[in-house]
Number of protein chains: 2
Amino acid sequence: MSGEQNGIRVLVADDHAVVRAGIVALLASEPDITVIGEASDGEQAVERALTLRPDVVVMDVRMPGLTGDAATARIREHDTAVRVLVLTTYESDASILAAIEAGASGYLLKAAPAEELIAGVRSVAAGEVALSPAIATQLVSRMRAPTPSSLTPRETEVLRLVAEGLSNRAIGERLFVGEATVKTHLLRAFEKLGVNDRTRAVTLAMERGLL
Amino acid sequence: MSGEQNGIRVLVADDHAVVRAGIVALLASEPDITVIGEASDGEQAVERALTLRPDVVVMDVRMPGLTGDAATARIREHDTAVRVLVLTTYESDASILAAIEAGASGYLLKAAPAEELIAGVRSVAAGEVALSPAIATQLVSRMRAPTPSSLTPRETEVLRLVAEGLSNRAIGERLFVGEATVKTHLLRAFEKLGVNDRTRAVTLAMERGLL
DNA sequence: CCTGCCGTCCACCGATCGGTGGACCCGAGA
DNA sequence: TCTCGGGTCCACCGATCGGTGGACGGCAGG
């Protein structure tokens, strides 16, 4: 293991320089936490996580190139000792599940107060799980939901084209299937989302980060 | 005036603690810049801007309560000596125009490198205008666009209800007008956005931050 | 003053959509 | 093995939508 007496060794990954500096500044003010590196995209995060072997990686979900989820998965694939704490701007983000499945040990909102972030890093370093209250709530409600509200790849694809303003027929042509098929997918998607019109379906799917 | 020899006095306003800390950390490392205060929402920003009278207010567009635009307008209404530098996460944000009309002296992306932010603060303090390259491009393209793509309040209102999945008739009832009126507003909005269906209109308006 | 722009409203049409109730194939897992 | 879920397709209906071509009042700016 690393850092029993040196404190918690942290790697910070975020594409926004401003945010990165913020996290570093907040964490550096804590005596038991040391920021040992930074990364500005997913690939860099993976690379540095594997070479520096920090105790905790604080990672933004949305990054150019490799997504936070994907980077998390790749890191944990190679080195399970490195724990990942994921940060997000929006609480309504479908990638919450993705990140947790990818092996993240925590999921916090960027809007969270400084103490929450710091406490989160300590929890994760200690092997515990750290979740923002808002995120925890969302997770629970998603677990008990009868509909996993997970769209099939095809449904998602159709919905994305709907979002672009295509008609059912046009979507059919684009996907090389009949209009009837498109309507079927769409109706199923409506059902899962609990709506009955295409526009609401699109906005809802966007809110949930399904698109 | 203030701060000829004390350096540039800055007030930082952002609802995200992490980002706020980041901006402060970045600016504080510059000898000619002093952060004299912070605010976590619009009202606070206005209040502190007027009492502290900083040279520059670095302000996020999206904040709970009072928007960045609104806060900017209110500050400049009372004290034109205070200049405002607005930060945004997305380059496709309709509030760019709003902020500039409100009297902002600069508009930067949060993704901007640290040097850009610092240079921006210096420029704005010197009375110049600071724009991110991406934002400047967008501004120009919007100026030369035949359609200002600005929806009337009523059109925006209708479009927002469309986004919620309401039918034209339902929207009419909600707004106490006839269905025909709703259709008129919608058609005009389609025209301005260059689309011909409600769903695309909504997604486009969202992309442009018009909703 | 009068020329826009905005908001309101009307009638009418064809096109598209939402919804029903089927059907078939296939691959994965019980 | 057989069931179940995803993906494909069909016909048919009423409802809604997109689009046209008007109309009228108000009020702000030239």
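Throughout, a chain's letter reflects where its sequence line sits, starting with A, and its residues are numbered from 1.
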Selection: residues 165-173 of chain A, any non-hydrogen atom under 4.0 Å of DNA chain D: none
Sugar-phosphate, base or nothing in reach of B:T181, heavy atoms under 4.0 Å: base
Side-chain donor or acceptor of A:R48 paired with backbone N/O of A:L11 under 3.5 Å: no
First encountered from the 5' end of DNA chain D, between B:T184 and B:N196: B:N196
Side-chain N or O of A:R154 closer than 4.0 Å to phosphate OP1/OP2 of D:dT8: yes
Polar contact flag, side-chain donor to acceptor under 3.5 angstrom, A:E116-A:S132: yes
Within residues 74-84 of chain A or reaching into it, pairs that qualify as salt bridge (Lys or Arg N to Asp or Glu O under 4.0 Å) - sequence neighbours excluded: A:R53-A:D79
Sidechain-backbone polar pair: A:E155 side chain, A:T152 backbone, donor-acceptor under 3.5 Å: yes
Residue whose closest nucleotide on DNA chain C lies nearer the 5' end, A:L187 versus A:E179: A:E179
pair B:H16-B:I23: side-chain heavy atoms closer than 4.5 Å: no
Interface limits on DNA chain C, where chain A has a heavy atom under 4.0 Å of a nucleotide atom: C:dT16 to C:dT20
Among B:V61, B:V58, B:L109, the one residue meeting side-chain contact (heavy atoms from CB on, under 4.5 Å) with B:L87: B:V58
5' precedence on DNA chain C between B:G178 and A:L186 (nearest-nucleotide basis): B:G178
Check: B:T181 side chain, B:V177 main-chain N or O, donor-acceptor pair, under 3.5 Å: no
Euclidean distance, atom NZ of residue B:K183 to atom C1' of D:dG22 [Å, nearest integer]: 14 Å
Side chain A:S167, main chain A:A170, donor-acceptor under 3.5 Å: yes
Length of the line joining A:L151:CG and D:dG7:P, which is rounded to integer Å: 10 Å
Touch class at under 4.0 angstrom, heavy-atom based, for B:R198 against every strand present: sugar-phosphate
Side-chain heavy atoms of B:V56 within contact of B:R9, under 4.5 Å: no
